[in-house]
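Position 1 is the first residue of the sequence; numbering continues from there. First listed ligand is number 1; within each ligand, the first listed atom is number 1.
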Amino acid sequence: MDFDLTAGQRRLRDEVVAFAREELGHDVADHDRDGSFPRQDWRRCAEFGVLGWPVPEEYGGRGLDPLTTMVALEALGYGCRDNGLVFAVNNHLWGCVIHLLLHGTPEQKAAYLPALCAGTLIGAQALTEPEAGSDLLGLTTAAQRDGDGYRLHGTKCFISNGPVADVFVTLARTGGAGGPQNQLSAFLVTADMPGVVKKHELSKMGLRTTPMGIVEFDGTPVPAANLLGREGAGYAVFTSSIEWERSFMFASHVGAMERLLETSVRQANSRRQFGRSIGSFQAVSHQIADMKIRLELARTLLYRVGWLKREGRLALLEATMAKIVISEGLVQTAMGAAEVHGARGYLTDEGIERELRDALGGPVYAGTNAVQRGILAELVGVRNALSGGEGR
Ligand SMILES: Cc1cc2nc3c(=O)[nH]c(=O)nc-3n(C[C@H](O)[C@H](O)[C@H](O)COP(=O)(O)OP(=O)(O)OC[C@H]3O[C@@H](n4cnc5c(N)ncnc54)[C@H](O)[C@@H]3O)c2cc1C
């Protein structure tokens, strides 16, 4: 068992951290206040190659293996103070690009991946509906056969990148025989197709630099060539990528945990009260010790998933655990950082309160942690309401 990064991974990590610190997130406070997308930083990410890290070189990517991709994403989350920008990148990669990598035809890959890697196309995943959140199989967006293709009718909500996205991976009901899991199909829908209406941006508590919106398909004609996988395989397409979404999406959170730990250590050593550094008080130093424990637990689980995926193995159990541990660990660490900073942790200028607001979404997106715990219990043998894998 080797827990060391390779020399190449360490070098990449250093390069990504330097890039993220120097080039990204300088206007994060303004973008956070306005809820605006930092498009220039997005372009910088594209130029640096971030948007193509897991994509083979033949499609314009860097062709990093899964574990190395995780190391790079963790470094991005560590170096970049704009968690919303990083979340936009992760939605692009693990909500859209991954589906093309796993299920795209050679034609679909050639048509979309180079521009997605170059950042000229922005990707999003449009699954959730007003009446179908955790209960994804309850979605009502319909794809009716129309000549050679389909017509989509339905409304998707809470779509990260939605207002700026050019390519949506979506699920719609095509019906047919078999159980509910065989009645959905996955489609690539582009924003310029007729009847695609980006309805409005949703204002949210955190990750405010990732635009989020409602997307309506109002009789959108979608060619059969835009099916991802075969008709009726939509749920399988979705489930085959959830390991990636539940773990790779959270690699950058581990970087953010380390950044918050370091900020808190600096504060513990520099802030003096009662004639001593506050770190000399056990209440403060234990808070920081717990941050370190959470960070290392999160990282160990994360790298285990990266290693399993690099070996081409299933990692559903590990990815589900990673999602829970990392998302909750980041919330606790951000709360700890706020506490260690006293009033400064509460002030907008210092950025700690933004870190906390950003962290609070993690237990909800990519499947709520309550549902993840149900899935986990089922994976270790408990028969429950999610038996049959129907939750998301
Ligand atoms: C920041 C952010 C970004 C998002 N980005 C996207 C995106 O890009 N694309 C997209 O499609 N969606 C996105 N979502 C939506 C997200 O996937 C849903 O919010 C999530 O699946 C939960 O659905 P819901 O909000 O409708 O909550 P509900 O499903 O209504 O759940 C409400 C509560 O009930 C609990 N609950 C529900 N069912 C069960 C169960 N079986 N067992 C135990 N508890 C249960 C939940 O845990 C939760 O506490 C995003 C959400 C957030 C917060």
Pairs of nitrogen or oxygen atoms closer than 3.5 Å, one from [X] and one from ligand 1: do any exist?
X    : value
Q125 : yes
K204 : no
S160 : yes
L127 : yes
L207 : no

Checklist entry - Between the side chains of T68 and Q9, does any donor sit under 3.5 Å from an acceptor? => result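 Present: a donor and an acceptor within the cut-off.
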Checklist entry - Between R246 and Q372, is any side-chain donor less than 3.5 angstrom from a side-chain acceptor? => result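 Present: a donor and an acceptor within the cut-off.
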What are the atoms of ligand 1, with element, lying closer than 4.0 Å to any heavy atom of [X]?
X    : result
I159 : 7 (C), 8 (O), 9 (N), 10 (C), 11 (O)
T368 : 22 (C), 46 (C), 47 (O)
M212 : 1 (C), 2 (C), 3 (C), 4 (C), 52 (C)
A370 : 43 (C), 44 (N), 47 (O)

Next on the checklist: Test of understanding: with ring-ring contact (aromatic ring centres under 6.0 Å, His included), list the residues that count as partners of W42, not counting sequence neighbours.
Outcome noted: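 ring-ring contact (aromatic ring centres under 6.0 Å, His included) list for W42, sorted by chain: F37, H92.
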Item to check | E131, CD: over 12 other non-hydrogen atoms inside 6.0 angstrom | outcome: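 Open: at most 12 neighbouring heavy atoms sit under 6.0 Å from CD of E131.
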Next on the checklist: Taking 4.0 Å as the limit for heavy-atom contacts, which would you say applies to T128 with ligand 1: side chain only, backbone only, both, or neither?
Outcome noted: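 For T128, the contact with ligand 1 is made by both the backbone and the side chain.
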Next on the checklist: Can you tell me which portion of N91 lies within the under-4.0 Å heavy-atom range of ligand 1? Options are side chain, backbone, both, or neither.
Outcome noted: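 Contact part for N91 vs ligand 1: side chain (C-beta onward).
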Next on the checklist: Once salt bridge (Lys or Arg N to Asp or Glu O under 4.0 Å) is applied, what residue pairs with a partner in residues 161-179 remain, sequence neighbours excluded?
Outcome noted: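 Every candidate salt bridge (Lys or Arg N to Asp or Glu O under 4.0 Å) pair involving residues 161-179 fails, so no pair, neighbours aside, qualifies.
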Checklist entry - Are the side chains of I98 and L93 in touch, meaning some heavy atoms are under 4.5 Å apart? => result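 No. Closest side-chain heavy atoms not under 4.5 Å.
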Checklist entry - Does NZ or CZ of R13 fall inside the cone over Y78's six-membered ring, less than 6.0 Å from its centre and within 45° of the axis? => result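 Because its charged atom sits under 6.0 Å from the ring centre and within 45° of the axis, R13 does stack over Y78.
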Next on the checklist: Would you call the rings of Y365 and H253 parallel, tilted or perpendicular, taking 30° and 60° as the class edges?
Outcome noted: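 Because their plane-to-plane angle is over 60°, the rings of Y365 and H253 count as perpendicular.
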